[in-house]
Participant: 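Here it is: the structure, laid out below.
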Amino acid sequence: MRKTKVSNLVEHFHMKVLSGEEGLGREITVTDLSRPGLQLAGYFPHYASERIQLMGISEIEFFSTLSREVRLERMRLLMQDNTPCLCVSRNQDVAPEMIEVSNERNIPILQSPLATTSLVSKLTNFLENKLAPTSTVHGVLTDIYGVGVLIMGSSGIGKSETALELVKRGHRLVADDAVEIRQTQQGQLIGSAPELIQHLLEIRGVGIINVMTMFGAGAVRNAKNIAMVVRLELWEEHKMYERLGLDEERFKLIDTEIPILTVPVRPGRNLAVIIEVAAMNFRLKRMGYNAAMTFSKRLTDTIEDVDSDIY
């Protein structure tokens, strides 16, 4: 399970820490936020205490109408052992009882100048990026006509050389050798390069080259949604490879399945052109045109016409 700390939140959004500084090392483990209006009114069943608690104008003004004893009681119920922090929007002042319980429980109260809805949106996006499931795979990620293509295969089979040819043909490199993949809550897979090897490409016999320096800023991307996988493997004489494209094989990355093509490697085959065409064909399928299905329908219609002529 991925985690982030309250201190990272403070640093990223330049929040002011009003109290509970000793709790800045508390861990945030969920992306959901909670606006504890019902809890301030005294209803605590189904209270999600592990979430960041966010208080806007309505919550702060309602809290100010309560007596001191009730404020202390509600705050002690609100700030539990697994509560990471409490955020206040629009730079609102908070009641002394909130500060008191915050310091007592070492749960930070953070103040932000942002409006409540804007703060909710920005916090959610930040947490989704920080807490998204991740994985690192061996391969090359390229952007071909807007399609994120992950090229995989055994070491030395020609992945980097193919990527170099694709870059020369006007496409963009995202990552070579190691691809860091992050899965969003919508199931999208976003690939990027580790910072150490960003924009670098290793070509056996030549060495490491910097694609951005050599081909320009338009030849690289920092991140790209992965739409399909192309697996390169050495040609096997007696193996049956897909020839029509009617059967779509799927490949699972983290928890998401995406289409995968197996391309046999053999002297004389231009892998860059093949992968480029595969990406264009993928785009056509997403736009509603499937050449294999069209051919299959034509073939079926032709057979039916011949049968009708015979009988």
Participant: Does Leu201 share a hydrophobic cluster with Val206, counting links as ILVMFWY side-chain heavy atoms below 4.5 Å and allowing steps through other members?
Facilitator: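 In one cluster: yes.
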Participant: Quick check: does any side chain N or O of Ser49 sit under 3.5 Å from a backbone N or O of Thr83, one acting as donor and the other as acceptor?
Facilitator: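 No.
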Participant: Shared ILVMFWY cluster between Ile28 and Leu54, side chains joined below 4.5 angstrom?
Facilitator: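 In one cluster: yes.
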Participant: After noting the C-alpha distance and the side-chain angles of Ser118 and Arg90, does the key distance pass the side-chain hydrogen bond (donor to acceptor under 3.5 Å, both in side chains) rule?
Facilitator: CA-CA 10 Å; Ser118 178; Arg90 295 182 182 273; over 6 Å; no
Participant: Would a distance-only check, ignoring hydrogens and angles, find a side-chain to backbone donor-acceptor pair under 3.5 Å from Arg26 to Asp81?
Facilitator: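 Judged by distance alone, yes, a pair lies under 3.5 Å.
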Participant: Using a 3.5 Å distance criterion without hydrogens, assess whether the side chain of Gln111 forms a donor-acceptor pair with backbone atoms of Gln92.
Facilitator: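 Yes.
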Participant: For residues 10-18, run the donor-acceptor check on the side chains, cut-off 3.5 Å, and write out each pair with its distance to 0.1 Å, sequence neighbours left out.
Facilitator:
none

Participant: Applying side chain to side chain donor-acceptor pair (under 3.5 Å) between His199 and each of Thr213, Asn222, Asn210, report the one that passes.
Facilitator: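 The side chain to side chain donor-acceptor pair (under 3.5 Å) with His199 is passed solely by Asn222 among Thr213, Asn222, Asn210.
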Participant: Would you call Glu257 and Lys252 a salt bridge, taking side-chain N to carboxylate O under 4.0 Å as the test?
Facilitator: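 Looking at Glu257 and Lys252, the cut-off is not met.
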Participant: Would you give the length of the straight line joining atom CE of Met79 to atom CD1 of Ile107, rounded to the nearest 0.5 angstrom?
Facilitator: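 The CD1 atom of Ile107 is 6.0 Å from CE of Met79, to the nearest 0.5 Å.
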Participant: Kindly say whether Arg51 contributes a backbone atom to a donor-acceptor pair with the side chain of Gln53 at under 3.5 angstrom?
Facilitator: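 Confirmed, Gln53 side chain pairs with Arg51 backbone.
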Participant: Please report the interatomic distance NZ(Lys297) to CG(Asn290), rounded to the nearest 0.5 Å.
Facilitator: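 That separation rounds to 13.5 Å.
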Participant: Return all side-chain donor-acceptor pairs below 3.5 angstrom for residues 271-280, not counting sequence neighbours, or 'none' if the list is empty.
Facilitator:
residue : atom : partner : partner atom : Å
Glu276  : OE1  : Arg169  : NE           : 3.3
Glu276  : OE1  : Arg169  : NH2          : 2.8
Glu276  : OE2  : Arg169  : NE           : 3.3
Glu276  : OE2  : His171  : NE2          : 2.6

Participant: Can you name the residues that form a salt bridge (Lys or Arg N to Asp or Glu O under 4.0 Å) with Lys122, not counting sequence neighbours?
Facilitator: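 Result, salt bridge (Lys or Arg N to Asp or Glu O under 4.0 Å) vs Lys122: none returned.
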Participant: Over all heavy atoms of both residues, which pair between Ser89 and Ala115 is shortest? Give the atoms and the distance, please.
Facilitator: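 Taking Ser89 first and Ala115 second, the nearest heavy atoms are CB-C, 4.2 Å.
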Participant: Go through the structure and list residues passing salt bridge (Lys or Arg N to Asp or Glu O under 4.0 Å) with Glu22, not counting sequence neighbours.
Facilitator: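 Not a single residue meets the salt bridge (Lys or Arg N to Asp or Glu O under 4.0 Å) criterion with Glu22.
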Participant: Does one hydrophobic cluster hold both Ile109 and Val120, with members joined at side-chain heavy-atom distances below 4.5 Å?
Facilitator: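 Ile109 and Val120: separate clusters.
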Participant: Minimum heavy-atom separation for Lys5 and Leu24, please, with both atom names.
Facilitator: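 Closest pair (atom of Lys5, atom of Leu24, distance): CB-O, 4.2 Å.
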Participant: Does the pair Val220 and Arg172 meet the rule for a side chain to side chain contact (heavy atoms under 4.5 Å, CB included), with working shown?
Facilitator: CA-CA 5 Å; Val220 295; Arg172 293 190 279 183; 5.8 Å; no
Participant: Hey, is the main chain of Leu114 close enough, under 3.5 Å, to the side chain of Ser112 for a donor-acceptor pair?
Facilitator: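 Yes, because the side chain of Ser112 sits within donor-acceptor range (under 3.5 Å) of the backbone of Leu114.
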Participant: Is it true that atom NZ of Lys285 has more than 12 heavy atoms of other residues, nucleotides or ligands lying nearer than 6.0 Å?
Facilitator: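 More than 12 within 6.0 Å, yes.
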Participant: Any pair with a residue in residues 68-125 that passes ring pair (Phe, Tyr, Trp, His ring centres under 6.0 Å), sequence neighbours left out, goes on the list, sorted by first then second residue, please.
Facilitator: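 Every pair satisfying ring pair (Phe, Tyr, Trp, His ring centres under 6.0 Å) with a residue in residues 68-125: there are none.
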Participant: Inspect the surroundings of CD in Glu195 and state if more than 12 heavy atoms from other residues, nucleotides or ligands are less than 6.0 Å away.
Facilitator: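 Open.
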Participant: Let me see the working for Thr31 and Glu128 under side-chain hydrogen bond (donor to acceptor under 3.5 Å, both in side chains), right down to the final yes or no.
Facilitator: CA-CA 6 Å; Thr31 59; Glu128 283 183 355; 5.2 Å; no
Participant: Just do the side chain to side chain contact (heavy atoms under 4.5 Å, CB included) check on Leu86 and Leu78 with the steps written out, would you?
Facilitator: CA-CA 9 Å; Leu86 190 149; Leu78 197 68; 3.8 Å; yes
Participant: Could you name each residue pair satisfying ring pair (Phe, Tyr, Trp, His ring centres under 6.0 Å) that touches residues 47-71, not counting sequence neighbours?
Facilitator: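 As it turns out, the ring pair (Phe, Tyr, Trp, His ring centres under 6.0 Å) pairs with a partner in residues 47-71, which skip direct neighbours, are Phe44-Tyr47.
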Participant: Check for me, please, whether Phe215 and Val140 land in the same ILVMFWY cluster - side-chain distances under 4.5 Å, paths through other members count.
Facilitator: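 Hydrophobic grouping puts Phe215 with Val140.
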Participant: Got a salt bridge between Glu97 and Arg68, using NZ or NE/NH1/NH2 to carboxylate O under 4.0 Å?
Facilitator: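 A salt bridge links Glu97 with Arg68.
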Participant: Within the distance-only criterion (no hydrogens, no angle test), does the side chain of Arg71 pair as donor or acceptor with the backbone N or O of Ser64 below 3.5 angstrom?
Facilitator: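 The answer is yes, because a donor-acceptor pair under 3.5 Å joins these two groups.
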Participant: Between Val6 and Pro84, which heavy-atom pair has the shortest distance, and what is it?
Facilitator: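 What the structure gives for the nearest pair is CG2-O, 3.5 Å.
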Participant: For residues 73-125, pull every pair meeting ring pair (Phe, Tyr, Trp, His ring centres under 6.0 Å), keeping only residues two or more places apart or in separate chains.
Facilitator: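 Residue pairs with at least one partner in residues 73-125: there are none.
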Participant: Distance check, rounded to the nearest 0.5 Å: Glu27 atom CD versus Glu50 atom CD?
Facilitator: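 The distance works out to 14.0 Å.
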Participant: For residues 147-167, which residue pairs qualify under ring pair (Phe, Tyr, Trp, His ring centres under 6.0 Å), counting only residues two or more places apart or in two chains?
Facilitator: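 Matches after skipping sequence neighbours: none remain.
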Participant: Quick one: hydrophobic cluster around Leu284, which other residues, with the 4.5 Å side-chain cut-off, linked directly or via members?
Facilitator: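 So far as hydrophobic clustering goes, Leu284 is joined with Tyr289.
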Participant: Is the side chain of Ser121 donor-acceptor paired with the backbone N or O of Thr117 at a distance under 3.5 Å, no angle test?
Facilitator: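 No, the answer is negative, given that no donor and acceptor are paired below the 3.5 Å cut-off.
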Participant: Between Arg283 and Tyr145, is there a donor-acceptor pair closer than 3.5 Å when you use the side chain of the first and the backbone of the second?
Facilitator: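 Yes; judged by distance alone, with no hydrogens or angles, the pair exists.
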Participant: Taking it one step at a time, do Thr134 and Arg2 satisfy side-chain hydrogen bond (donor to acceptor under 3.5 Å, both in side chains)?
Facilitator: CA-CA 9 Å; Thr134 60; Arg2 290 174 61 81; 3.3 Å; yes
Participant: Would you say Asn103's side chain and Gly20's backbone share a donor-acceptor pair under 3.5 angstrom?
Facilitator: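 Yes.
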Participant: Using side chain to side chain contact (heavy atoms under 4.5 Å, CB included), reason through Ile197 and Asp176 one step at a time and then give a plain yes or no.
Facilitator: CA-CA 8 Å; Ile197 59 173; Asp176 176 49; 6.0 Å; no
Participant: Could you check Arg250 against Glu248 for salt bridge (Lys or Arg N to Asp or Glu O under 4.0 Å), going step by step and ending with a plain yes or no?
Facilitator: CA-CA 6 Å; Arg250 310 288 289 183; Glu248 187 177 82; 2.9 Å; yes
Participant: As a quick check of understanding, evaluate side chain to side chain contact (heavy atoms under 4.5 Å, CB included) for Leu164 and Ile203, giving each step before the final call.
Facilitator: CA-CA 9 Å; Leu164 178 59; Ile203 305 297; 4.0 Å; yes
Participant: For Val137, which fellow cluster members are found when Ile, Leu, Val, Met, Phe, Trp and Tyr are connected by side-chain heavy-atom distances below 4.5 angstrom, either directly or through intermediates?
Facilitator: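 So far as hydrophobic clustering goes, Val137 is joined with Leu141, Leu150, Met152, Val174, Val179, Ile181, Leu189, Ile226, Val229, Phe251, Leu253, Ile254, Ile258, Ile260.
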Participant: Given Thr124, which partner from the list Ile52, Leu33, Leu119 fulfils the side-chain contact (heavy atoms from CB on, under 4.5 Å) test?
Facilitator: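 Between Thr124 and the candidates, side-chain contact (heavy atoms from CB on, under 4.5 Å) is satisfied uniquely by Leu33.
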Participant: With clusters built from Ile, Leu, Val, Met, Phe, Trp and Tyr whose side-chain heavy atoms come within less than 4.5 Å, directly or transitively, what are the remaining members of the cluster of Trp235, listed by chain and number?
Facilitator: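 Answer for Trp235: none, a lone residue.
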Participant: Quick check for you: to the nearest 0.5 Å, what is the distance between Ser160 atom OG and Asp177 atom CG?
Facilitator: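 These two atoms lie 6.5 Å from each other.
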Participant: Quick check on Arg298: does its CZ atom have over 12 non-hydrogen neighbours (other residues, nucleotides or ligands) under 6.0 Å away?
Facilitator: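 Counting other residues, nucleotides and ligands, CZ of Arg298 stays at 12 neighbours or fewer.
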Participant: Under 4.0 Å between a Lys/Arg side-chain N and an Asp/Glu carboxylate O for Glu180 and Arg182?
Facilitator: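 Arg182 and Glu180: not salt-bridged.
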Participant: Using a 3.5 Å distance criterion without hydrogens, assess whether the side chain of Asn106 forms a donor-acceptor pair with backbone atoms of Ser102.
Facilitator: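 A pair under 3.5 Å: no.
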Participant: Does anything in residues 220-236 pair up under salt bridge (charged side-chain N to carboxylate O under 4.0 Å, His left out), and if so which pairs, sequence neighbours excluded?
Facilitator: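 Of all non-adjacent pairs touching residues 220-236, those that pass salt bridge (charged side-chain N to carboxylate O under 4.0 Å, His left out) are Asp143-Arg221, Arg231-Glu249, Glu233-Lys239.
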